[in-house]
Protein chains: 2
Amino acid sequence: MKTSKISLLIQQTHIGTLVSKRLDVSLSVHGINFTEYTIMHHLHATRDNKLSRIGLAEKVGLTASGVTRVLLPMEKNHLVSRESNPRDARQSLVVMTDAGRELFQNAQVTAEYSTEEILSLLDQDELSLLVKLLNKLKC
Amino acid sequence: MKTSKISLLIQQTHIGTLVSKRLDVSLSVHGINFTEYTIMHHLHATRDNKLSRIGLAEKVGLTASGVTRVLLPMEKNHLVSRESNPRDARQSLVVMTDAGRELFQNAQVTAEYSTEEILSLLDQDELSLLVKLLNKLKC
DNA sequence: GCTATATGCTTGACTAATCAACGATTCTAC
DNA sequence: GTAGAATCGTTGATTAGTCAAGCATATAGC
């Protein structure tokens with residue numbers, strides 16, 4: 001109880017980097033890293049599998065230019081494609097392709113497996129509790 | 001409850017990057033970033049304020065070469081210095097200097113302030129619960 | 001003691017992501 | 001409707017960190 005609150009944030013970020021590295025390794029068999037997986041995860045969770053680049057940036061915690069650079073190889077590999085918004089010519093929407101969806105579904109199996117390992121020591125109640133607590137952080 | 005466990009890990013890493021960026025900004029007034037702060041935090045918490053570079057790497061979640069590169073400017077600014085281990089000539093120990101301790105103590109005030117903001121929505125019970133849950137992750 | 005293997009650390013080459021500046025478009029308020 | 005401010009996205013330059021290779025030392029087994 002005497003450990004400062006900063007230790008909690010240090011631990012939080014530490015675990016974040018470990019989780020990310022671990023999933024990078026697992027997902028590499030599909031030719032993607034965890035950032036790319038996360039992008040597809042958010043696209044998949046969206047109606048029409050579409051998001052603006054800025055919207056994507058906010059969801060994944062990257063800058064706009066970071067998103068541009070992550071998407072570059074994904075477009076080249078036809079995992080996502082580009083669509084313009086008729087309502088706003090500044091926006092270009094990111095759309096998951098069929099190939100992207102297929103790769104994502106395979107990658108999801110892999111990611112789920114690693115996730116189970118990482119979370120294996122938590123039961124269902126603890127999981128939802130953890131989600132609740134993380135949601136309370138003011139970032 | 002229907003959200004997959006992967007979402008939890010995605011959220012976890014997302015928060016990690018946000019926290020890290022936020023503390024980077026706060027700490028910049030002291031001329032250090034969050035990684036450097038974390039290194040000093042671990043040195044400070046150690047008997048004699050000394051750690052091997054490998055030991056440090058494990059604690060902060062960097063590779064050995066990552067540690068080498070973070071410490072380079074810190075050595076130049078005399079925040080840490082280098083000491084050899086008489087028992088093992090391969091090791092070089094990282095020691096916090098007096099100047100380092102002083103800067104760290106100032107930075108700690110700043111970091112604590114930001115931490116309070118970030119954790120403001122959690123009460124004491126929730127904080128210790130969160131620590132407990134994070135400790136249960138198998139990374 | 002000597003060889004083989006493992007560990008600690010640094011370096012060159014690379015990758016992921018940032019920031020600042022910019023062009024293009026849209027929104028606001030007069 | 002037009003000027004000014006805000007938003008979306010890309011680009012060049014930079015930074016933080018990785019990986020693979022290597023040198024130096026240490027450890028283990030013969």
Side-chain angles (χ1 to χ4, degrees), chain A residues 13-14 16-28 31-40 50-77 79-95, chain B residues 13-14 16-28 31-40 50-77 79-95:
Chain A
T13 56
H14 186 191
T17 70
L18 294 183
V19 165
S20 171
K21 281 179 187 176
R22 181 142 163 192
L23 283 164
D24 273 349
V25 172
S26 311
L27 289 167
S28 67
I32 60 173
N33 62 26
F34 184 48
T35 301
E36 291 163 326
Y37 179 86
T38 302
I39 284 183
M40 299 179 94
K50 280 177 204 171
L51 276 173
S52 77
R53 295 161 111 76
I54 289 285
L56 209 39
E58 266 163 28
K59 281 191 189 282
V60 301
L62 289 181
T63 60
S65 62
V67 167
T68 297
R69 291 192 152 122
V70 173
L71 290 181
L72 215 62
M74 295 181 78
E75 287 170 340
K76 202 177 304 183
N77 295 337
L79 301 178
V80 298
S81 66
R82 192 177 284 251
E83 201 169 290
S84 56
N85 182 351
R87 304 289 181 88
D88 188 340
R90 291 170 306 179
Q91 277 193 0
S92 87
L93 300 172
V94 188
V95 196
Chain B
T13 56
H14 185 191
T17 70
L18 294 183
V19 165
S20 170
K21 282 179 187 176
R22 182 143 163 190
L23 283 165
D24 274 348
V25 172
S26 311
L27 289 167
S28 66
I32 59 174
N33 62 27
F34 184 48
T35 302
E36 291 162 326
Y37 180 86
T38 303
I39 283 184
M40 301 180 93
K50 281 177 205 173
L51 275 172
S52 77
R53 297 160 110 75
I54 288 285
L56 210 39
E58 265 164 28
K59 282 192 189 278
V60 301
L62 289 181
T63 60
S65 61
V67 167
T68 296
R69 291 193 152 122
V70 174
L71 290 181
L72 215 61
M74 295 181 78
E75 287 170 342
K76 201 177 303 182
N77 295 336
L79 301 178
V80 297
S81 66
R82 192 177 284 254
E83 203 170 288
S84 57
N85 182 350
R87 303 291 181 84
D88 188 340
R90 291 170 305 178
Q91 276 193 359
S92 85
L93 300 173
V94 187
V95 195

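Below, read A as the first sequence line, B as the second, and so on, with proteins coming before strands; counting in each chain starts at 1. Just so you know, these numbers come straight off a predicted model, no measurement behind them.
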query = For S65(A) and dC19(C), is the shortest distance between a side-chain N/O and OP1 or OP2 below 4.0 Å?
reply = no
ask   = Is the shortest heavy-atom distance from the side chain of T13(B) to the side chain of L23(A) under 4.5 Å?
value = no
query = Quick one: is dT18(D) close enough that its OP1 or OP2 comes under 4.0 Å of any side-chain N or O from K21(A)?
reply = yes
ask   = Does L79(A) offer a backbone N or O that forms a donor-acceptor pair with the side chain of N77(A) under 3.5 Å?
value = no
key: Relative orientation of the end axes in the helix from dG1(C)-dC30(D) to dC30(C)-dG1(D), expressed as an angle to the nearest 10° (five pairs per end)   = 40°
task = Please state how far atom CG in L72(A) lies from atom C1' in dT15(C), giving the value in whole angstrom units.
result = 14 Å
5' priority, DNA chain D, between G61(B) and G55(A) [closest heavy atom] = G55(A)
task = Taking only the side-chain nitrogens and oxygens of R82(B), find out if one of them lies under 4.0 Å from OP1 or OP2 of dT10(C).
result = yes
request  = Measure the distance from CZ on R53(A) to C1' on dT25(C) and round it to the nearest whole Å.
outcome  = 16 Å
note = Between E75(A) and V67(B), the residue closer to the 5' end of DNA chain D by nearest nucleotide is E75(A)
inquiry  = Using the side-chain contact (heavy atoms from CB on, under 4.5 Å) definition, which of the options V67(B), V80(B), I39(B) pairs with V94(B)?
reply    = V80(B)
key: Test item: E58(B) side-chain N/O and G55(B) main-chain N/O as donor-acceptor pair under 3.5 Å   = no
note = dist I32(B):CD1 -> M40(B):CE (nearest 0.5 Å) comes out at 6.0 Å
Nucleotide N/O of nucleotides 25-28 of chain D paired with protein N/O under 3.5 Å:
unit_1	atom_1	unit_2	atom_2	d
dA26(D)	OP1	A89(B)	N	2.7
dA26(D)	O4'	R90(B)	NE	3.4

Phosphate OP1/OP2 of dT18(D): any T63(B) side-chain N/O under 4.0 Å = yes
request  = Report the distance from atom CG of D24(B) to atom P of dA17(C), rounded to the nearest whole Å.
outcome  = 15 Å
key: Length of the CD-C1' vector between E36(B) and dT15(D), whole Å   = 12 Å
ask   = With nearest nucleotides of DNA chain C determined for Q91(B) and L62(A) from heavy-atom distances, which residue corresponds to the more 5′ nucleotide?
value = Q91(B)
Under 3.5 Å: donor-acceptor pair, side chain of K21(A), backbone of G61(B) = yes
query = With sugar-phosphate meaning primed atoms plus P, OP1 and OP2, does R69(A) contact a base, only sugar-phosphate, or nothing at under 4.0 Å between heavy atoms?
reply = base
ask   = L71(B) versus M74(B): any side-chain heavy-atom pair under 4.5 Å?
value = yes
query = What are the two closest non-hydrogen atoms of R53(B) and S92(B), and how far apart are they?
reply = CD-OG, 3.2 Å
inquiry  = To check you understand the geometry: which heavy-atom pair defines the closest contact between N33(A) and D24(A), and what is its length?
reply    = CB-OD1, 3.4 Å
ask   = For F34(A), what residues pass the ring-ring contact (aromatic ring centres under 6.0 Å, His included) criterion, not counting sequence neighbours?
value = none
remark   = Here the distance between atom C1' of dG8(C) and atom CD of E83(B), to the nearest Å, is 17 Å
message = I need the CG-C1' distance between N33(B) and dC19(C), as an integer number of Å.
response = 15 Å
task = In whole angstrom, give the distance that lies between atom CG of L27(A) and atom P of dA16(C).
result = 14 Å
ask   = How long is the line joining NZ of K59(A) and P of dC8(D), in whole Å?
value = 15 Å
query = Quick one: is T68(A) getting a side-chain N or O under 4.0 Å of the dT10(D) phosphate, OP1 or OP2?
reply = yes
